[in-house]
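Read the structure below first, then the notes.
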Amino acid sequence: MKIWGEDGDAAYYNHAILITGLTGIATMLPSLYFYQKDRRARIIGGIIKSGVMRHLKIGECVRILLMGAGFAQFANMLVNILGSFLNADAYQESMSQMTDGKSLLFLIVCMGIIAPLAEEMIFRWLIYLRLRDYMRAVPAMVISGIFFGIYHGNLVQGVYASILGILFAYFMELTGSLWASVLLHVGANIWSLILPELAGGILKKYPMGIMLLLLILMAGMYTGTVYFQKQAETKEGRNI
């Protein structure tokens with residue numbers, strides 16, 4: 001026999017992913033409105049130039065998605081190393097309760113696309129860029145990253161999200177494109193969703209395949225970082 005609290009918990013876990021997706025959709029329009037308002041003010045104030053935001057090429061988008069997967073993988077590894085201090089088992093149990101019985105496509109749409117887009121609009125397009133108006137890039141990255149970690153509401157995700165939030169802001173600044181942070185976040189979330197099944201399949205058929213996969217991710221992270229750093233050398237001033 002279940003008590004009321006257990007029924008409430010069960011209902012929450014059953015609908016948490018759907019609620020996440022719907023909440024993300026609801027926040028997009030107001031976030032976009034406030035970003036456009038901020039951008040007009042920056043142009044008028046001379047902080048940025050009008051019409052110079054960078055457009056990413058298809059190959060660059062693919063590269064950024066791969067980098068996002070790599071950042072997620074190694075941030076997850078760090079959290080696992082710190083697991084005994086962060087109570088990672090409890091977090092994993094909660095995530096399992098939320099995702100069990102849900103189709104992978106549903107999870108990818110809600111958690112891999114909608115949630116990253118909404119969160120980037122809030123934490124990078126609004127919070128980071130507003131901080132950037134008043135301070136240098138590095139402290140703005142760190143502060144907005146910590147805010148992003150606190151928003152997740154638990155220590156495990158807090159550490160993970162803070163690390164990734166700083167990286168997302170860095171590459172948005174580096175590339176001069178808002179979509180860099182979105183694609184990194186999408187790549188990170190989708191990778192985290194498909195990793196358990198993917199890793200299980202690789203280990204079953206190719207025991208050493210995980211090492212090869214990690215090397216591919218490392219290579220993607222390194223070459224992508226070098227590529228965008230070289231691109232940034234030709235960039236003149238702030239454009240986001």
Side-chain angles (χ1 to χ4, degrees), residues 5-6 8-24 27 31 67-102 107-108 110-128 130-131 135 137-172 181-182 184-199 210 214 217-218 221:
E6 291 174 334
D9 288 345
Y12 167 76
Y13 286 122
N14 189 43
H15 299 293
I17 304 302
L18 178 60
I19 293 170
T20 297
L22 294 175
T23 303
T27 61
S31 296
M67 292 170 67
F71 292 141
Q73 177 60 42
F74 288 98
N76 270 315
M77 290 171 65
L78 175 61
V79 169
N80 287 334
I81 292 171
L82 300 174
S84 59
F85 302 99
L86 302 179
N87 197 18
D89 290 340
Y91 164 71
Q92 291 297 338
E93 183 180 348
S94 297
M95 285 301 298
S96 296
Q97 287 180 289
M98 286 191 288
T99 57
D100 281 351
K102 310 295 190 304
L107 293 174
I108 287 175
C110 291
M111 298 179 66
I113 298 174
I114 295 174
L117 178 55
E119 289 174 356
E120 289 309 303
M121 286 183 174
I122 295 170
F123 287 95
R124 253 61 64 182
W125 297 18
L126 292 180
I127 294 177
Y128 168 72
R130 286 183 177 185
L131 289 170
M135 62 182 69
V138 172
M141 291 171 194
V142 173
I143 294 171
S144 62
I146 292 172
F147 283 165
F148 187 50
I150 293 171
Y151 155 78
H152 282 77
N154 63 79
L155 192 56
V156 176
Q157 277 191 303
V159 172
Y160 173 84
S162 294
I163 295 170
L164 291 188
I166 293 169
L167 288 170
F168 296 161
Y170 172 72
F171 280 96
M172 187 174 77
S181 70
V182 174
L184 283 171
H185 200 156
V186 168
N189 280 23
I190 291 178
W191 178 256
S192 295
L193 290 170
I194 67 174
L195 177 61
E197 186 174 345
L198 178 64
I210 293 296
L214 291 177
L217 291 175
M218 288 179 66
M221 292 161 56

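Values below: every heavy atom of this structure, side chains too, minus hydrogens, waters and symmetry copies. In this text, all values refer to a predicted model and were calculated from it rather than measured experimentally.
Across I166 and M141, no two heavy atoms sit closer than the pair CG1-O, 3.5 Å. Across every non-hydrogen atom of N189 and G112, the tightest pair is CB-CA, 4.0 Å. Nearest heavy atoms, L193 versus M111: CD1-CB, 4.2 Å. The heavy-atom pair separating S31 from I122 by the smallest distance is OG-CG1, 3.6 Å. Between L217 and A69, the closest heavy-atom pair is CD2-CB, 4.1 Å.
With contacts defined as side-chain heavy-atom distances shorter than 4.5 Å, the pair T27/M121 does not qualify. Residues T20 and C110 have side chains not in contact (no heavy-atom distance under 4.5 Å, counting atoms from C-beta outward). Side-chain contact check for I163 versus L78: some heavy-atom pair is nearer than 4.5 Å. Between M67 and L184, the closest side-chain pair of non-hydrogen atoms falls below 4.5 Å. In this structure, S181 and F123 have side chains that are not in contact, with every pair of non-hydrogen atoms separated by 4.5 Å or more.
How far CD of E120 is from CG of L126: 11.0 Å, rounded to the nearest 0.5 Å. Residue M172 holds its CE atom at 13.0 Å from NE2 of H185, rounded to the nearest 0.5 Å. The OG atom of S144 lies 13.5 Å from the CZ atom of R130; values are rounded to the nearest 0.5 Å. Here the CG atom belonging to L107 is positioned 11.5 Å from the CD1 atom belonging to I113, to the nearest 0.5 angstrom. Remark: L22 CG to H15 NE2 distance equals 11.5 Å, nearest 0.5 Å.
Annotation: cation-pi pair R124/F148 present, NZ/CZ under 6.0 Å from the ring centroid and within 45° of its normal.
Residues meeting the side chain to side chain contact (heavy atoms under 4.5 Å, CB included) test with M135, sequence neighbours left out: L131, P139, A140, I143. A search for side chain to side chain contact (heavy atoms under 4.5 Å, CB included) contacts involving S192 returns A72, N76, Y160, not counting sequence neighbours.
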Go through the steps for F71 and F171 under the test ring pair (Phe, Tyr, Trp, His ring centres under 6.0 Å), then give the verdict. CA-CA 12 Å; F71 292 141; F171 280 96; 5.6 Å; yes

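Within 6.0 Å of the CZ atom in F74, the count of heavy atoms belonging to other residues, nucleotides or ligands exceeds 12.
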